[in-house]
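Take a look at the structure below.
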Amino acid sequence: MREPAEVCAAPCGSYEYETVRAVLAEQFRLLRVEELVKPGCRVAVKPNLVTRSSPEEGAVTHPSVICAVVSLLKELGASVTVAESPGGPYTPVLLKAVYEGSGCSAAEKYGAALNLDCSWGELKAPQAKLCHSFQVIRPLLEADLIVDVCKLKTHCMMGLSAGVKNMFGAVPGLMKPELHCRFPEKEAFGAMITDLCQALHPALCVVDAVVAMEGNGPTGGSPRPVGALLASRSPYAADLACTQIIGMDPNTVYPLRSAMERGLCPRSPEELRFLQQPAAAFRVPDFRMPESKPADFIARLPGFLRPLAARLATPVPKIRTAQCVGCGKCAESCPQHTITIENRKAVIHYDKCIRCYCCHEMCPKHVIDIRRLSLFRH
């Protein structure tokens, strides 16, 4: 059954709290959020806090957006917990550092609890195509409903990180690389993300697109002002609207393509019902795509040449060795264990590399680049 395809998209030119809250209050009204949130309802707010990063870097959901969502939910009588599992070990120490470093700890002032319970449980996924159960952090598992408060970013593996991809943060810490190992191909990994999103079934999705991230996201790109906030009851519809804003073909976003194939959302942004301004009003014409964007010509080659061309054209992570500090975060996050620390520097052994770019995503110094052979660069 298709999710509702209504999307709110409105201008928001700054992260000033009252400005953000006023925009979101109107979007909550238009989407009839009061039908979802009843007094005493346990709501888990799931932001994108992929790593300890300041809001100015554009990699995490801005704290003003999180705080405004919390305030509006509390106004409806909800009990609110902010919950996330960043990259790396799932521990209270890391969670505290991420909450503080991202500014998310300010949500406590608006009545939210910050989750520090690092337990998890099993979530069944009866509608799944590939993965029929997941280990999920406990606050999301036990919530009456989930509010997905994501960041608009490019993503080197999945194409786009917004509402649907944000749900991958429900998987505890270093269990994420295990799923990369089970589903190393982009199509399968994208379908698994859709399975997870369907099982969690966030009731509301809010997209922070005041400042997005372009280029080699979700952590190694550059901040790019867009000046918009989006909201929808469907994370798939929200993501589809986001593709129109950044000029990305929805079929190159693997979780979204899987959702479209299942009939969970329309196949084109033109089929969405916009309750405020259309997403096209916020279009950024020169938004930079990830270096890992597929080379379109491969499909036109003879079949026997495609596997070799695809292998050569697929970008690889490259470490800027001189700037590497040997912290080991890349090795810790690598699902195939292809990275070792030698003489206090990280070394990638490419024979087993599956091009998931987890090392690029988790490098705290951003010294791992995504490189394509010059022949295949656009």
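Between the CG atom of Leu95 and the SG atom of Cys104 there is a distance of 10.0 Å, given to the nearest 0.5 Å. Rounding to the nearest 0.5 Å places NZ of Lys329 at 13.0 Å from CD1 of Ile368. To the nearest 0.5 Å, atom CE of residue Met192 and atom CG of residue Leu179 are 4.5 Å apart. Interatomic distance, CG of Leu145 versus CG of Leu200, reported as 12.5 Å (0.5 Å rounding). Atom-to-atom distance recorded for Cys181:SG and Ile354:CD1 is 5.5 Å, nearest 0.5 angstrom.
Between Glu291 and Lys318 there is no salt bridge, since no side-chain nitrogen of the basic residue lies less than 4.0 Å from a carboxylate oxygen of the acidic one. Under 4.0 Å is where a charged nitrogen must lie from a carboxylate oxygen, and between Arg29 and Glu26 at least one such pair does. Using a 4.0 Å cut-off between a side-chain N of Lys or Arg and a carboxylate O of Asp or Glu, Asp144 and Arg42 qualify as a salt bridge.
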Worksheet entry | Residue pair Thr194, Arg262: steps toward the side-chain hydrogen bond (donor to acceptor under 3.5 Å, both in side chains) verdict | CA-CA 10 Å; Thr194 303; Arg262 302 181 201 195; 4.7 Å; no
Worksheet item: Going through the checks in order, is the side-chain contact (heavy atoms from CB on, under 4.5 Å) test met by Arg21 and Ser71?
Response: CA-CA 8 Å; Arg21 192 183 191 282; Ser71 173; 2.9 Å; yes
Fill in: Test side-chain contact (heavy atoms from CB on, under 4.5 Å) applied to Val164 and Val253, step by step
CA-CA 10 Å; Val164 182; Val253 180; over 6 Å; no
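Across every non-hydrogen atom of Pro202 and Asp148, the tightest pair is CB-CB, 4.0 Å. Of all non-hydrogen atoms in Ala59 and Val50, the two that sit nearest each other are O-CG1, 4.0 Å. Here the closest non-hydrogen pair linking Ile341 and Gly326 is CG2-O, 4.2 Å. Smallest separation of non-hydrogen atoms from Ile370 and Pro317: CD1-CA, 4.5 Å. Nearest heavy-atom pair, Phe282 versus Pro11, reported as atom, atom and distance to 0.1 Å: CZ-N, 3.5 Å. The shortest non-hydrogen separation linking Glu6 to Leu31 is O-CD2, 4.3 Å.
Taken together through direct or relayed side-chain contacts under 4.5 Å among Ile, Leu, Val, Met, Phe, Trp and Tyr, Val82 and Ile137 form part of one hydrophobic cluster. Hydrophobic cluster membership is shared by Leu49 and Val20, with clusters built from Ile, Leu, Val, Met, Phe, Trp and Tyr side chains linked at under 4.5 angstrom. Met362 and Tyr90 fall into different hydrophobic clusters, where Ile, Leu, Val, Met, Phe, Trp and Tyr are joined by side-chain heavy atoms under 4.5 Å apart, directly or via other members. Transitive grouping of hydrophobic side chains (ILVMFWY, heavy atoms separated by less than 4.5 Å) brings Leu196 and Tyr254 into a common cluster. Criterion: ILVMFWY side-chain heavy atoms under 4.5 Å apart, direct or through other members. Under it, Leu174 and Phe189 are not part of a common hydrophobic cluster.
Within the 4.5 Å cutoff, the side chain of Asp369 has no heavy atoms near those of the Asn216 side chain. For the pair His180/Met157, a side-chain contact is recorded, criterion being any heavy-atom separation below 4.5 Å from C-beta on. Taking 4.5 Å as the limit, every side-chain heavy atom of Val171 sits out of range of all side-chain heavy atoms of Trp120. With contacts defined as side-chain heavy-atom distances shorter than 4.5 Å, the pair Tyr236/Leu240 does not qualify. In this structure the side chain of His366 reaches within 4.5 angstrom of the side chain of Glu57, judged on heavy atoms. Within the 4.5 Å cutoff, side-chain heavy atoms of Phe28 are placed close to those of Leu73. A heavy-atom distance below 4.5 Å is not found between the side chains of Asp208 and Val149. In this structure, the side chains of Ile348 and Val316 stay at 4.5 Å or more apart for every pair of heavy atoms.
Within 6.0 Å of the CG atom in Asn343, the count of heavy atoms belonging to other residues, nucleotides or ligands does not exceed 12. Enclosure of atom CD in Glu185 is not indicated, since only 12 or fewer non-hydrogen atoms of other residues, nucleotides or ligands lie within 6.0 angstrom. Counting heavy-atom neighbours within 6.0 Å of Lys129 NZ, excluding the residue itself, gives a total of 12 or less. Other residues, nucleotides and ligands contribute at most 12 non-hydrogen atoms within 6.0 Å of the CZ atom of Arg273. More than 12 heavy-atom neighbours from other residues, nucleotides or ligands sit within 6.0 angstrom of CZ on Arg32. Taking a 6.0 Å sphere around NZ of Lys345, one finds it holds more than 12 heavy atoms contributed by other residues, nucleotides or ligands. Glu261 CD: more than 12 foreign heavy atoms inside a 6.0 Å radius.
Pairs engaging residues 113-123 under the salt bridge (Lys or Arg N to Asp or Glu O under 4.0 Å) rule: Glu122-Lys124 [sequence neighbours left out].
In this model, a donor atom of one side chain and an acceptor atom of the other lie less than 3.5 Å apart for Ser222 and Arg288. Counted by atom type alone, Ser85 and Lys176 present one or more donor-acceptor pairs between their side chains at under 3.5 Å.
Side-chain rings of Tyr17 and Tyr110 approach one another, their centers coming within less than 6.0 Å.
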